[in-house]
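Below: the structure, in structure tokens.
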Amino acid sequence: MPRKLSKRMVPPAPEPSEPAELTTELALASDGKLYFQFEDEPPPGRPVFVGYALHAEEVMKFNAADVLAWGMLHKLALGSDGCIYVEEGAIDAEGRDVFRGFAATAEEAARAAEVLHRAAFNITVEVFARKRAASDRAQL
């Protein structure tokens, strides 16, 4: 018989302001470039990457060697949403999330790395603070 969850065991409901789905703001591609998402038009003269996300089931059946071998034939990108995007034309686009991005300049990529580093540190601090608070509540 399943055990009834206590109030402490029930995960918190997501904040109403949190998006239901993570959007892909940027992607790091196998060509070594960082691509920023765009909707209308990319800045003139910038290389563009258009890719379609692999489905979770597809990712599960590949190992790292398979993905690397595939990456030798096609440009791949790891999106900020955690999805692997394969360049347009390499896979069927039907029913897949799409990422359209323009290549960052060296300066933009360096600035983005600084911002991501700071955000990652702040997230780590917040996660550990929440873990400590939850542990303290559990001991009460």
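Since we're looking at a predicted model, the values are computed, not measured.
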> Side chains of L54 and I91: does their closest heavy-atom pair fall under 4.5 Å?
Replying inline: yes
> Has E41 got more than 12 heavy atoms of other residues, nucleotides or ligands less than 6.0 Å from its CD?
Replying inline: no
> How would you list, by chain and number, every residue that makes a side-chain contact (heavy atoms from CB on, under 4.5 Å) with H74, sequence neighbours excluded?
Replying inline: W70, V86, E87, A90
> Looking only at heavy atoms, what is the nearest atom pair of A53 and C83, with distance?
Replying inline: CB-CB, 4.1 Å
>> Once rounded to the nearest 0.5 Å, what's the spacing between atom NZ of K33 and atom CZ of R46?
In response: 11.5 Å
> Do E126 and R130 pass the salt bridge (charged side-chain N to carboxylate O under 4.0 Å, His left out) test, and can you show the C-alpha distance, the side-chain angles, and the key distance before you say yes or no?
Replying inline: CA-CA 6 Å; E126 180 65 22; R130 287 181 184 220; 2.8 Å; yes
> How long is the span from the CG atom in N122 to the NE2 atom in H117, to the nearest 0.5 Å?
Replying inline: 9.5 Å
>> Just verifying a value: how many Å separate L116 CG and L28 CG, rounded to the nearest 0.5 Å?
In response: 10.5 Å
>> Does this structure show an ion pair linking E107 with R111, if we count only N-O contacts that are shorter than 4.0 Å?
In response: no
>> How long is the straight-line distance from CZ of F128 back to OG of S135, given to the nearest 0.5 Å?
In response: 12.5 Å
> If you round to the nearest 0.5 Å, how far is CD of Q37 from OG1 of T24?
Replying inline: 8.0 Å
>> Can you tell me which residue among Y85, F99, F49, F102 is in a ring-ring contact (aromatic ring centres under 6.0 Å, His included) with Y35?
In response: F49
>> Testing the basics here: between L34 and A109, what is the closest heavy-atom pair and its distance to 0.1 Å?
In response: CD2-CA, 4.0 Å
